[in-house]
Asks: 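Please read through the structure below; I'll follow up with questions.
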Amino acid sequence: MTFSSPRSRRLLLATLLTGSGLCAASVNTASLISSAASVSCIGWKVKGICYWLLCTPFGCSVKTSVKVEHFIPEAVVSAYSGPGDNPWTEMSAVSGAAGSGESGIVGSLSGVSAGGGQQEMKAPGMRKQNLHFHYADAYGHPATTLIGGQIAGYSCKSVATPFVPYFVSSLDGLIWRSGLPEGLYPEALIPGQRELGSQAGANMWGNIYPRSGFVTQEDAYKSAAVVAQRVADVITRTGQLHVYQPLVGQQSPGYWPPAPVKENTGTQNHKWQRLSPTLSTTCAVFPDTGATVSQDGNYAWALWQPYSCCKRRGQTFLSSTDFS
């Protein structure tokens with residue numbers, strides 16, 4: 001079959017676009033890189049002073065260097081409705097391939113059929129439950145090395161690697177669908193423990209635990225945001241009972257990587273930048289306002305985290321002083 005006629009070429013183009021998952025709500029690597037040039041998200045500032053001991057054959061002296069702090073886009077975290085529907089177009093095929101064997105494995109081992117959707121699930125003869133299920137992925141942000149570590153002493157190096165899969169829910173299918181054993185943890189059983197938002201503030205979006213793909217929430221955007229927060233909670237810690245790769249740095253002299261992500265802490269240790277269905281040039285934390293609800297149930301955010309560092313000026317790091 002040839003595609004020489006204009007009509008045939010249009011048909012081929014439509015087929016390719018459909019097959020690759022491209023849609024108005026998608027983002028690609030180029031747009032992710034350009035969106036990272038956000039002054040408000042980076043938040044660069046001079047934080048304090050570092051002190052170093054420099055010794056030479058002629059004696060020792062104390063040297064100082066500027067301690068800076070800024071945010072770096074660490075990961076693109078997506079919450080979406082079906083296998084391969086990741087709104088990051090270059091990663092949708094990877095997510096789809098990872099989920100190709102999910103149905104058989106999960107179904108045979110747990111008896112839970114694979115599948116998802118933005119719809120509100122309802123059991124026959126019962127009231128609507130507002131129960132949503134989301135697939136979720138976290139891949140290294142393509143701009144993480146473009147922002148981190150470019151200017152020695154004034155730009156801190158990121159621990160993230162672009163495009164690396166830190167979490168793919170299809171590979172974590174058993175835990176992601178069952179919620180076990182985390183559904184038995186005190187954080188999941190005690191009201192008020194590990195909740196995104198608060199009842200007192202009238203903005204409680206959902207529980208962090210159990211860190212699974214199911215969320216009881218009337219609003220689709222809020223349910224997806226809770227799932228994204230859960231993913232960030234997992235990948236920024238070590239030793240979690242999930243199939244994932246930790247996104248955790250090690251502190252060293254003159255270098256302070258971010259602490260694990262924690263909800264309801266303001267911008268103390270993380271920020272979120274909306275990527276899909278609408279791309280934002282600013283960052284916020286959940287619960288946020290003014291969000292756009294996706295028509296296809298697919299969402300993506302950039303996870304930003306703060307780093308502090310200073311330029312080495314001697315053999316031994318003595319201490320650092322932070323400005324008030």
Side-chain angles (χ1 to χ4, degrees), residues 25-45 47 68-80 86-92 94-95 136-152 154-168 224-225 227-237 244-249 255-263 265-286 288 291 298-309:
S26 299
V27 291
N28 55 37
T29 300
S31 63
L32 290 175
I33 293 175
S34 62
S35 68
S38 170
V39 176
S40 64
C41 290
I42 296 174
W44 188 94
K45 66 178 180 180
K47 187 176 183 179
V68 301
E69 179 184 78
H70 63 90
F71 282 74
I72 299 176
E74 295 280 83
V76 177
V77 182
S78 305
Y80 51 96
N86 189 321
W88 184 0
T89 55
E90 288 85 354
M91 293 294 106
S92 61
V94 179
S95 300
D137 299 333
Y139 295 97
H141 198 290
T144 187
T145 55
L146 298 179
I147 295 179
Q150 293 301 305
I151 305 175
Y154 297 94
S155 177
C156 308
K157 185 178 180 181
S158 171
V159 299
T161 303
F163 306 105
V164 166
Y166 290 97
F167 181 83
V168 179
V227 165
Q229 189 77 33
R230 290 173 177 176
V231 170
D233 196 87
V234 171
I235 65 175
T236 56
R237 291 169 169 80
Y244 75 108
Q245 180 169 324
L247 180 56
V248 178
Y255 178 75
W256 296 267
V261 165
K262 183 69 180 294
E263 72 282 355
T265 56
T267 58
Q268 178 179 332
N269 66 4
H270 73 285
K271 299 177 184 177
W272 293 103
Q273 181 185 17
R274 297 178 197 147
L275 302 175
S276 179
T278 57
L279 196 152
S280 173
T281 58
T282 60
C283 288
V285 292
F286 304 140
D288 56 353
N298 302 330
Y299 297 87
W301 293 268
L303 172 65
W304 292 70
Q305 290 189 277
Y307 285 77
S308 297
C309 62

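Just so you know, residue 1 is the first one in the sequence shown, and it goes up from there. This structure is a prediction, so every number in the text was calculated from the model and none was measured.
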Asks: Looking only at heavy atoms, which two atoms of Q150 and S155 are closest? And how far apart?
Replies: N-OG, 3.4 Å
Asks: A300 and P87: which non-hydrogen atoms are nearest, and at how many Å?
Replies: CB-CG, 3.7 Å
Asks: Hey, what do you get for OG1 (T281) to CZ (R274), rounding to the nearest 0.5 Å?
Replies: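 Going from the OG1 atom of T281 to the CZ atom of R274 covers 11.0 Å.
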Asks: Any luck finding a side-chain donor-acceptor pair between Q229 and W272 under 3.5 Å?
Replies: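 Side-chain D/A pair, Q229 to W272: present.
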Asks: Are any non-hydrogen side-chain atoms of V159 and Y307 less than 4.5 angstrom apart?
Replies: yes
Asks: Return yes if some donor-acceptor pair links the side-chain N/O of T145 with the main-chain N/O of S158 below 3.5 Å, else return no.
Replies: no
Asks: Which atom pair, heavy atoms only, marks the closest approach of T144 to E74?
Replies: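 For T144 versus E74, the nearest heavy atoms are OG1-OE1, 3.7 Å.
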Asks: At their closest point, which heavy atom of Y154 faces which heavy atom of W44, and how far apart are they?
Replies: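 Closest heavy-atom pair between Y154 and W44: O-NE1, 2.8 Å.
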Asks: Quick check against the 3.5 Å criterion: does R237 have a side-chain atom that pairs as donor or acceptor with the backbone of V261?
Replies: yes
Asks: Short question: side chain of E90, backbone of T29 - any donor-acceptor pair under 3.5 Å?
Replies: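 Answer holds: yes.
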Asks: Identify the heavy atoms of N298 and P277 that sit nearest to each other, and give their distance.
Replies: O-CD, 4.1 Å
Asks: Nearest 0.5 Å, please: how far is CD in Q305 from CZ in F71?
Replies: 9.0 Å
Asks: Drop me the distance from L146's CG to I33's CD1, to the nearest 0.5 angstrom.
Replies: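 Separation between the atoms: 6.0 Å.
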Asks: Do any N or O atoms from the side chain of Y255 and from the backbone of K157 form a donor-acceptor pair under 3.5 angstrom?
Replies: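 Yes; judged by distance alone, with no hydrogens or angles, the pair exists.
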Asks: Quick check against the 3.5 Å criterion: does T265 have a side-chain atom that pairs as donor or acceptor with the backbone of Q268?
Replies: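 Looks like no, no N/O pair under 3.5 Å.
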Asks: Are F163 and W88 near enough that their ring centres are under 6.0 Å apart?
Replies: yes
Asks: Are the side chains of T236 and P258 in touch, meaning some heavy atoms are under 4.5 Å apart?
Replies: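 No, too far: nothing below the 4.5 Å cut-off.
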Asks: Find the distance between CH2 (W304) and NE2 (H70) and round it off to the nearest 0.5 Å.
Replies: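 Reported value, rounded in 0.5 Å steps: 10.0 Å.
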Asks: For the residue pair Q273 and P73, establish whether any side-chain heavy-atom pair is separated by less than 4.5 Å.
Replies: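 No - every pair of side-chain heavy atoms lies 4.5 Å or more apart.
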Asks: Look up atom NE2 in H141 and atom CD1 in I72, then write down how far apart they are to the nearest 0.5 Å.
Replies: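 Reported value, rounded in 0.5 Å steps: 11.5 Å.
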Asks: Considering non-hydrogen atoms only, spot the tightest contact between V231 and A136 and give its length.
Replies: CG2-CB, 3.7 Å
Asks: Mark yes or no for whether K262, through its side chain, and N269, through its backbone, hold a donor-acceptor pair below 3.5 Å.
Replies: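 Side chain of K262 to backbone of N269, a donor-acceptor pair under 3.5 Å: no, none is there.
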Asks: Just verifying a value: how many Å separate T161 OG1 and Y139 OH, rounded to the nearest 0.5 Å?
Replies: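 One finds 15.0 Å between OG1 of T161 and OH of Y139.
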Asks: Mark yes or no for whether S78, through its side chain, and D137, through its backbone, hold a donor-acceptor pair below 3.5 Å.
Replies: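 It does not hold such a pair.
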